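These values consider heavy atoms only, across backbone and side chains, with no hydrogens, waters or symmetry-generated copies. From a predicted model like this one, the values you see are computed outputs, not experimental measurements.
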Amino acid sequence: GNGYMDGKELQNFIQELQQARKKAGLDLTPEMKAFVDQYGKATDGKIGIVELAQVLPTEENFLLFFRCQQLKSSEDFMQTWRKYDSDHSGFIDSEELKSFLKDLLQKANKQIEDSKLTEYTEIMLRMFDANNDGKLELTELARLLPVQENFLIKFQGVKMCAKEFNKAFEMYDQDGNGYIDENELDALLKDLCEKNKKELDINNLATYKKSIMALSDGGKLYRAELALILCAEEN
């Protein structure tokens with residue numbers, strides 16, 4: 001559940017891919033062969049869903065649509081999330097997800113029937129809805145991002161309980177105005193990087209900051225938005 005396959009996971013996937021193609025009476029495509037050559041013996045490689053989409057057959061491979069301009073970076077992703085989580089609930093329901101996909105497909109100059117769009121929405125829910133609640137949380141949908149861009153996955157290692165999160169928010173909201181601005185976020189991130197060196201790299205501080213502020217409301221990062229980033233649990 002860390003957003004990519006590596007090590008034994010990747011080796012098992014390669015083995016099953018080869019077996020499935022053989023059972024279907026199909027050879028590996030050139031892309032698949034290159035993929036197997038690159039990762040078949042490497043134990044230190046890792047691959048995310050967007051990279052993996054390039055290996056799969058292109059026909060009906062709707063995952064390739066997410067390589068379009070809108071999801072080139074974490075910052076773009078956060079802005080997209082803010083647009084489609086229109087009620088700021090912290091998740092996208094099936095109707096919001098359908099609108100999200102429709103917009104992405106239009107940006108990729110793909111015109112599809114509504115029945116196909118419904119099918120894609122259902123596939124997305126099956127793939128990414130880890131807790132089967134019929135909704136996608138920010139970190140679930142974030143798996144559409146390339147591994148190297150996926151700073152949200154890194155922040156899962158910094159998960160806090162509600163008590164810890166509220167204490168941290170109040171500590172860094174120094175003026176007590178109910179939101180964290182860019183300077184206050186800078187202080188919070190520096191401390192998080194120092195405390196969580198395995199997950200967070202202080203050299204990427206500027207990237208973290210830029211991506212997180214893309215979720216803010218006019219430079220104001222409210223408690224609910226920051227809770228999404230830090231994966232704050234209710235209990």
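Classification of Asp27 and Arg21 as a salt-bridged pair fails, no side-chain N sitting under 4.0 Å from a carboxylate O. With salt bridges taken as basic N to acidic carboxylate O contacts below 4.0 Å, none links Lys98 and Asp93. A salt bridge does not link Lys46 with Glu9: every distance from a Lys NZ or Arg NE/NH1/NH2 to an Asp or Glu carboxylate oxygen is 4.0 Å or more. Looking at Glu119 and Lys116, a side-chain N of the basic residue comes within less than 4.0 Å of a carboxylate O on the acidic one, giving a salt bridge.
Between atom CG of residue Asp133 and atom CG of residue Leu125 there is a gap of 9.0 Å, rounded to the nearest 0.5 Å. In this structure, Gln11 CD and Phe13 CZ are separated by 12.0 Å, a value rounded to the nearest 0.5 Å. With rounding to the nearest 0.5 Å, the separation of OH in Tyr39 from CG in Leu10 is 7.5 Å. Distance CD1/Ile180 to CZ/Phe169: 4.5 Å, rounded to 0.5 Å. Distance check: Glu95 CD to Lys135 NZ gives 14.5 Å after rounding to the nearest 0.5 Å. Between the CD1 atom in Ile229 and the CD1 atom in Ile212 there is a gap of 5.0 Å [rounded to 0.5 Å].
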Handout entry: Evaluation steps, side-chain contact (heavy atoms from CB on, under 4.5 Å), between Asn166 and Arg223
Key = CA-CA 8 Å; Asn166 288 329; Arg223 189 183 296 254; 2.9 Å; yes
Practice task
Determine, stepwise, if the pair Phe35 / Leu52 fulfils side-chain contact (heavy atoms from CB on, under 4.5 Å).
Solution key: CA-CA 9 Å; Phe35 167 71; Leu52 186 61; 4.2 Å; yes
Exercise for the section: For Tyr120 and Leu101, run side-chain contact (heavy atoms from CB on, under 4.5 Å): C-alpha distance rounded to whole Å, both residues' side-chain angles, the deciding distance at 0.1 Å, then the answer. Expected result: CA-CA 8 Å; Tyr120 286 170; Leu101 295 177; 4.2 Å; yes
Exercise for the section: Take Trp81 and Leu228 through the test side-chain contact (heavy atoms from CB on, under 4.5 Å) and record every step on the way to the result. Expected result: CA-CA 11 Å; Trp81 172 269; Leu228 294 177; 3.9 Å; yes
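Although no hydrogens or angles enter the test, the distance criterion places a donor-acceptor pair under 3.5 Å between the side chain of Asn196 and the main chain of Leu192. The main-chain N or O of Lys167 is never found under 3.5 Å from a side-chain atom of Glu170 such that the two would form a donor-acceptor pair. When atom types are taken as modelled, the side chain of Asp129 and the backbone of Gly134 share a donor-acceptor pair closer than 3.5 angstrom.
Crowding of Lys209 atom NZ: a count of heavy atoms from other residues, nucleotides or ligands under 6.0 Å exceeding 12. Annotation for Gln19: atom CD counts as buried by contact number, over 12 foreign heavy atoms lying within 6.0 Å.
Shown here for Met78 and Ser211, the closest heavy-atom pair between the two residues is CG-O, 3.3 Å. The nearest pair of heavy atoms linking Ile14 to Val36 is CG2-CG2, 4.0 Å. Heavy atoms only, all atoms of each residue included: Ser216 and Arg82 are closest at O-NE, 3.5 Å. Residue Leu205 comes nearest to Cys193 through the heavy atom pair CD1-SG, 4.1 Å, listed as atom of the first residue, atom of the second, then distance.
Residues Ile92 and Leu117 fall within the same hydrophobic cluster, defined by Ile, Leu, Val, Met, Phe, Trp and Tyr side chains chained together at heavy-atom separations under 4.5 Å. In this structure, Met160 is a member of the same hydrophobic cluster as Leu185, with clusters built from ILVMFWY side-chain heavy atoms closer than 4.5 Å. Leu215 and Phe91 fall into different hydrophobic clusters, where Ile, Leu, Val, Met, Phe, Trp and Tyr are joined by side-chain heavy atoms under 4.5 Å apart, directly or via other members. Criterion: ILVMFWY side-chain heavy atoms under 4.5 Å apart, direct or through other members. Under it, Tyr208 and Phe165 are part of a common hydrophobic cluster. A continuous path of Ile, Leu, Val, Met, Phe, Trp and Tyr side chains, each step under 4.5 Å between heavy atoms, connects Leu138 with Met213, placing both in one hydrophobic cluster.
The side chain to side chain contact (heavy atoms under 4.5 Å, CB included) test applied to Asp175 returns Asp173, Asn177, Glu184, not counting sequence neighbours.
Residues Glu16 and Asn12 have side chains not in contact (no heavy-atom distance under 4.5 Å, counting atoms from C-beta outward).
Remark: the Asp191 side chain and the Tyr172 side chain contain an N/O donor-acceptor pair separated by less than 3.5 Å.
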